[in-house]
Structures are given as C-alpha cells and as structure tokens.
Amino acid sequence: MFPGTNCDFETERAIRKAGGKAERVWYKTSLKDFDGVILPGGFSYADYLRAGAIAARQEIIEEVKEFARDGRPVLGICNGFQILTEAGLLPGALRPNKNPRFLCKWVHLRVNDVETPFTSLYEPGEIIRMPIAHAEGNYYVDDPSKVRIVFQYSDEKGNVTEEANPNGSVLNIAGVANEKGNILGMMPHPERASDRFLGSEDGLRLFRSMVEWARR
C-alpha cells in the first residue's frame with residue numbers, strides 16, 4: 001500500500017473468502033515471504049503528476065519487478081494497473097477518460113484469456129460483471145496486436161462495441177497481461193464483485209484462481 005491507497009481491506013477480505021491468506025503490507029515492507037502481490041486501487045500520492053507515477057518510482061517497485069521476474073503473480077487493480085504501466089511492468093498507458101470525468105458504475109467484461117494465474121477458473125469468452133471507478137482508465141498502446149488482452153468491455157451478450165466502452169480504451173481493453181501471463185493489470189474492481197450482497201461474485205473467481213495457482 002502507498003499513501004492514498006484504498007480498497008485494501010476489501011481486497012484482503014476477498015482473498016480470505018477465496019480461501020487464501022492475505023496481509024496488508026506498507027510500501028516499505030519486504031515481499032520475500034509472499035506468493036503473490038496485489039496493488040489495489042485508490043489515489044496513490046493523490047495522483048500527483050500522473051496517476052501511479054510517484055508510486056511507480058518507489059524503492060519497493062524494484063522488489064515487485066524482481067518478484068515478477070521470478071514468475072510469481074502480480075495483480076494491479078485500477079490505480080495498481082496505472083502503477084504497473086508507469087513502472088514499465090506492463091505495456092501502454094492509462095489516459096484520462098474519453099469523457100473527462102470520474103466514472104463509477106457496473107460494466108460487463110468478456111474474458112479473453114484463461115491461461116493466466118488470475119483467470120483459470122473462468123471460461124473462454126465468458127461474460128462477467130464488475131464495477132469500475134476511475135478518471136484515468138482510457139488504456140492506450142501503440143500496437144494492440146502485441147498486447148495480451150485478458151478482459152474487454154462488452155455488452156451483456158458479449159458484443160465488444162463502442163457503446164460498451166466506458167472510457168475510450170483502445171479495442172475496449174479492460175485488462176492486459178504481460179507475455180508470461182504472471183502480471184495482470186485491470187481497471188475494473190474484482191474485490192467489489194466478490195460477494196452476492198454487492199451485486200456480483202464474478203470477481204471472487206479471480207482471487208480463487210490466484211489461490212489455486214499459489215497452492216500448485
């Protein structure tokens with residue numbers, strides 16, 4: 001966690017509900033004893049300069065990079081996704097939304113890639129539902145053909161259309177992974193879709209996928 005991080009309690013609770021162990025870690029703490037890392041949402045350092053820019057330059061990120069090089073899973077949610085792109089761990093950048101305002105609503109996602117530690121419990125092409133909450137979620141990359149697209153914004157039938165794109169992201173991209181698949185960045189919040197009383201449990205399978213991967 002960094003100054004300005006939020007959703008950390010919700011993320012911890014979701015991991016525990018998924019059957020795993022979780023610990024909220026301050027950004028000056030070593031990661032050597034952990035099987036996975038999650039950078040949650042929020043407004044690290046008040047999004048000063050650019051969202052995620054200052055957090056991406058903290059010393060702990062070098063340990064996150066080493067963690068990822070070892071093949072262990074690294075998940076960035078919302079602001080965590082912004083941090084991962086700013087740190088060069090994922091390609092592309094997150095720009096201000098096409099309509100420059102903060103968005104907070106539920107969206108549908110199409111699952112494109114189930115061969116990652118985060119998505120093994122989903123079905124290829126499955127349509128899931130999660131909320132978004134961001135002002136800078138407009139994903140851009142120079143060559144989308146070289147990006148491993150994990151999630152795309154879609155309508156409830158799975159059609160990837162301009163109308164279903166909430167923020168202007170290229171190719172409706174909602175989440176991408178690195179080439180190895182062990183780093184995932186996504187703008188939707190799976191921790192906010194991990195309890196039926198919140199409106200969806202579709203995000204819980206993401207955390208269960210991580211827990212099962214760690215046990216293997």
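Computed over heavy atoms, backbone and side chain alike; hydrogens, waters and symmetry mates excluded.
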Worksheet item: Can you check whether F43's main-chain N or O pairs, donor with acceptor, with N6's side chain at less than 3.5 Å?
Response: no
Worksheet item: Can you list the steps and then say if C7 with I77 is a side chain to side chain contact (heavy atoms under 4.5 Å, CB included)?
Response: CA-CA 9 Å; C7 304; I77 302 169; over 6 Å; no
Item to complete: Report yes if some heavy atom in the side chain of V114 is under 4.5 Å from a heavy atom in the side chain of E123; otherwise report no.
Response: no
Practice prompt. Verify the cluster assignment for L31 and I83: are they in a single hydrophobic cluster under the rule of side-chain heavy atoms below 4.5 Å apart?
Written response: yes
Fill in: Pair F81 and Y139, ring centroids less than 6.0 Å apart
yes
Discussion item. Quick check: do E23 and E12 have side-chain heavy atoms less than 4.5 Å from each other?
Written reply: no
Discussion item. Contact between S200 and W106 at the side-chain level, heavy atoms closer than 4.5 Å - yes or no?
Written reply: yes
Item to complete: Mind checking the CD1-CE spacing from I15 to M210? Nearest 0.5 Å is all I need.
Response: 6.5 Å
Discussion item. Looking at every non-hydrogen atom in both residues, tell me the closest pair between L90 and N178 and how far apart they are.
Written reply: CD2-N, 3.5 Å
Practice prompt. Determine the sole option in T161, N167, N172 for which the side-chain hydrogen bond (donor to acceptor under 3.5 Å, both in side chains) test with Y153 is passed.
Written response: N167
Item to complete: Compare every heavy atom of T11 with every heavy atom of P40, then report the nearest pair and how far apart it is.
Response: CB-OG1, 4.1 Å
Worksheet item: So does R216 have more than 12 non-hydrogen atoms from other groups sitting under 6.0 Å from CZ?
Response: yes
Item to complete: With the side chain counted from C-beta on, respond yes when K146 and P91 share a heavy-atom pair under 4.5 Å apart, and no when they do not.
Response: no
Item to complete: Drop me the distance from R24's CZ to I38's CD1, to the nearest 0.5 angstrom.
Response: 13.0 Å
Discussion item. For L109 versus S154, what's the shortest heavy-atom pair and its separation?
Written reply: C-OG, 3.9 Å
Worksheet item: Is it true that atom NZ of K21 has more than 12 heavy atoms of other residues, nucleotides or ligands lying nearer than 6.0 Å?
Response: no
Worksheet item: Short question: side chain of E63, backbone of E59 - any donor-acceptor pair under 3.5 Å?
Response: no
Discussion item. Test side chain to side chain contact (heavy atoms under 4.5 Å, CB included) on S209 and T119; report intermediate values, then the result.
Written reply: CA-CA 6 Å; S209 295; T119 55; 5.6 Å; no
Worksheet entry | Pairing of K157 and D155 as salt bridge, 4.0 angstrom limit | no
Worksheet entry | Shortest non-hydrogen contact from P188 toward A174 | CD-O, 3.4 Å
Fill in: Sidechain-backbone polar pair: Q152 side chain, V160 backbone, donor-acceptor under 3.5 Å
no
Discussion item. When you compare the side chain of R192 with that of E10, does any pair of heavy atoms fall below 4.5 Å?
Written reply: no
Discussion item. Could you check whether any side-chain heavy atom of F207 comes within less than 4.5 Å of a side-chain heavy atom of E191, counting everything from C-beta outward?
Written reply: yes
Practice prompt. Show the numbers, then the answer: is there a side chain to side chain contact (heavy atoms under 4.5 Å, CB included) between F34 and R72?
Written response: CA-CA 9 Å; F34 295 91; R72 289 178 284 179; 5.8 Å; no
Discussion item. Has N97 got a side-chain atom pairing as donor or acceptor with G137's backbone, closer than 3.5 angstrom?
Written reply: yes
Fill in: Co-membership, hydrophobic cluster, residues Y140 and F151, 4.5 Å side-chain
no
Fill in: Nearest non-hydrogen partners of A133 and C78, listed with the distance
O-SG, 3.4 Å
Fill in: Donor-acceptor under 3.5 Å (E86 side chain, A56 main chain)
no
Worksheet, complete the sentence: Output for pair (M1 CE, S44 OG), nearest 0.5 Å, gives 12.5 Å
Worksheet item: Per the side chain to side chain contact (heavy atoms under 4.5 Å, CB included) rule, which among L204, L206, V211 passes with R208?
Response: L204
Practice prompt. Ignoring hydrogens and angles, state whether a donor on the side chain of E162 or N165 is under 3.5 Å from an acceptor on the partner side chain.
Written response: no
Worksheet item: At what distance, to the nearest 0.5 angstrom, does CG of D202 lie from NE2 of H108?
Response: 8.5 Å
Worksheet item: Should W213 and F118 be counted in the same cluster of Ile, Leu, Val, Met, Phe, Trp and Tyr side chains packed under 4.5 Å apart?
Response: no
Item to complete: Flag yes if V170 and L184 sit in one hydrophobic cluster, no otherwise; membership is Ile, Leu, Val, Met, Phe, Trp, Tyr, and two members link when side-chain heavy atoms are under 4.5 Å apart.
Response: yes
Fill in: Beyond-backbone contact of L94 with M187, side-chain heavy atoms, under 4.5 angstrom
yes
Response to the item:
Here the gap from M130 atom CE to H189 atom NE2, rounded to the nearest 0.5 Å, amounts to 11.0 Å
Fill in: Exam field: side chain T5 to backbone F2, donor-acceptor pair closer than 3.5 Å
yes
Item to complete: Give the cluster check for V107 versus F102: same hydrophobic cluster or not, with ILVMFWY residues linked at side-chain heavy-atom distances below 4.5 Å.
Response: no
Discussion item. Donor-acceptor pair, distance only, cut-off 3.5 Å: does the side chain of R16 make one with the backbone of A22?
Written reply: yes
Worksheet item: With a 4.0 Å cut-off, would you call E212 and R215 a salt bridge?
Response: no
Practice prompt. Write down the atom of R148, the atom of E115, and the distance for their closest heavy-atom approach.
Written response: NH2-O, 2.9 Å
Worksheet item: Once you round to the nearest 0.5 Å, how far does CD1 of I149 lie from CG of N112?
Response: 6.5 Å
Worksheet item: Do the charged groups of R129 and E156 touch, with an N to O distance under 4.0 Å?
Response: no
Worksheet item: Less than 4.5 Å apart, any side-chain heavy atom of I61 and any of K65?
Response: yes
Worksheet item: Stepwise, does the side chain to side chain contact (heavy atoms under 4.5 Å, CB included) test hold for V25 with I60?
Response: CA-CA 11 Å; V25 174; I60 189 63; over 6 Å; no
